[in-house]
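All remarks here apply to the structure that follows.
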Amino acid sequence: MVGTEEATSNNLKNTTPNETMRVPSSDKVINLDQGDPTVYEEYWQRMGDKCTVVISGSQSLSYFAKSKSICWFLESALEDSIRQLHRTVGNASADDHYIVVGTGSTQLIMASLYALCPPDRVQPTHVVAATPYYSCYPEIGSFMRSTLYEWAGDAKTYKGEGPFVEFVTFPNNPDGEMREVAVKGTTEGKLVHDLAYYWPQYTPINVCANHDIMLFTLSKCTGHAGSRIGWALVKDEVVARKMIKFMEVTTIGVSKEAQIRAAKILEVVTESCPSLGPENFFQHSRLIMADRWKRLREVVKEMEFFSLLDYPKSYCNFANVYSTTQPAFAWMKSDENKIKDLEKHLKGEKILTRNGNRFGTESNYVRISMLSTNEDFNIFLERMLAMKETMEAVQYNGI
Ligand SMILES: Cc1ncc(COP(=O)(O)O)c(C=O)c1O
């Protein structure tokens with residue numbers, strides 16, 4: 001799927017480790033388009049063999065998992081570690097929900113649409129999200145040209161009649177805002193709460209979320225995007241069973257190897273939580289995100305051409321500190337519309353970002369991943385500062 005969070009072949013060309021070694025930093029293309037969570041690599045390297053799992057040739061031959069769950073392909077070790085992690089972090093009420101595992105939460109977005117859109121309607125059910133919305137929702141909503149559902153755009157201005165599905169992303173991708181339901185004045189809507197970023201490194205945990213459908217992903221929680229594991233917490237058994245049916249028909253379940261690995265990783269993260277030192281995963285990643293945001297804000301302030309959103313402080317029940325949201329993406333704006341196509345401008349500086357128009361807004365906005373390697377993040381900041389001089393020298397009438 002071109003243009004989703006996954007790396008496209010073009011972008012990958014610029015970021016393979018071998019090439020990183022060869023390309024001088026001044027020539028290196030810095031890919032901050034996808035939210036590829038390589039920032040966490042250093043932590044997991046330090047953890048050494050703690051998450052190593054050995055899977056013998058005689059293991060996991062069956063399609064089925066030995067589990068009591070209605071999700072017949074869900075490994076019980078993964079179910080236990082998901083429930084335990086939510087109890088420890090306090091970000092979502094998992095114990096009174098069914099768990100449906102998916103190949104990333106991307107597959108669960110599709111499964112939730114299948115489950116929530118009535119099959120007997122003449123018109124497809126509308127799918128909406130408030131702008132700026134996660135760029136994959138419109139792609140998923142229209143890609144299959146389904147007769148079940150169709151993408152209908154901005155939830156804030158939606159005036160449709162009949163049933164609809166609204167995605168509420170909390171905190172939001174791309175702008176980090178703590179979102180509430182945007183379509184008002186109707187009870188016809190079904191909600192999917194996408195909580196991919198509701199973890200302590202990105203935002204204070206001050207409510208234990210308890211919605212009908214809540215989506216999470218290993219990618220943004222621990223950084224293991226390549227394992228392709230996501231999970232949905234689903235209140236209603238009928239909805240959960242429909243989502244399970246979707247997984248059955250599309251992929252006959254989810255890789256057991258990936259689930260076993262994910263179970264181990266989540267267990268290690270949970271076990272790290274009582275620690276006060278750098279082995280505490282969330283504490284470690286919270287400090288890295290805080291440092292990156294501080295440095296980016298300093299550079300943006302110094303440049304005077306761009307702006308970032310400010311986020312209010314609140315108390316994090318998990319970390320026991322007051323802090324602000326420090327999102328996985330920076331939502332950067334060219335002030336006074338000086339640069340009309342900011343993505344194009346940054347691309348000229350060999351910095352790949354995602355254009356505001358992909359999120360239903362204007363091209364003077366870009367989304368910048370804050371989850372890259374340290375090296376790439378440092379080069380990005382250096383290049384931004386170097387840009388200041390060239391930008392000051394030029395009279396911008398729009399590019
Ligand atoms: C808001 C949101 N939801 C869902 C996903 C999908 O994540 P994955 O398919 O890697 O689990 C992402 C990925 O970036 C996201 O930002």
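All ligand and atom numbering here is 1-based and tracks the order in the structure.
The cationic group of Arg292 lies under 6.0 Å from the six-membered ring centre of Phe377 and within 45° of the ring axis, placing it in a cation-pi geometry. At least one test fails for Arg179 against the ring of Phe170: distance under 6.0 Å to the centre or angle within 45° of the axis.
Comparing Pro37, Cys136, Pro171, Ser105 against atom 6 (C) of ligand 1, the shortest heavy-atom distance belongs to Ser105. Of the candidates Thr169, Leu371, Leu215, Asp194, it is Asp194 that places a heavy atom closest to atom 2 (C) of ligand 1.
Of all the atoms in ligand 1, the ones that sit under 4.0 Å from a non-hydrogen atom of Asn173 are 15 (C), 16 (O). Atoms of ligand 1 found under 4.0 Å from any heavy atom of Ser219 (numbered from 1 in listed order, with element): 8 (P), 10 (O), 11 (O). Interface of Gly104 with ligand 1, defined as ligand atoms under 4.0 Å from a residue heavy atom, comprises 9 (O), 11 (O). Listed by number with element, the atoms of ligand 1 under 4.0 angstrom from any heavy atom of Tyr197 are 1 (C), 14 (O), 15 (C), 16 (O).
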Side chain to side chain contact (heavy atoms under 4.5 Å, CB included) between Tyr98 and Leu233, worked out | CA-CA 6 Å; Tyr98 297 96; Leu233 304 180; over 6 Å; no
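Residue contacts with ligand 1 include Lys220, since one or more of its heavy atoms lies under 4.0 Å from the ligand.
Counted by atom type alone, Glu375 and Asn378 present zero donor-acceptor pairs between their side chains at under 3.5 Å.
Applying side chain to side chain contact (heavy atoms under 4.5 Å, CB included) to Met384 and the options Met332, Glu349, Glu302 leaves one that passes, Met332.
Counting heavy atoms closer than 4.0 Å to ligand 1, residue Gln107 contributes nothing at all.
Relative ring orientation between Tyr40 and Tyr202 is described as perpendicular, the plane-to-plane angle rising above 60° on a 0-90° scale split at 30° and 60°.
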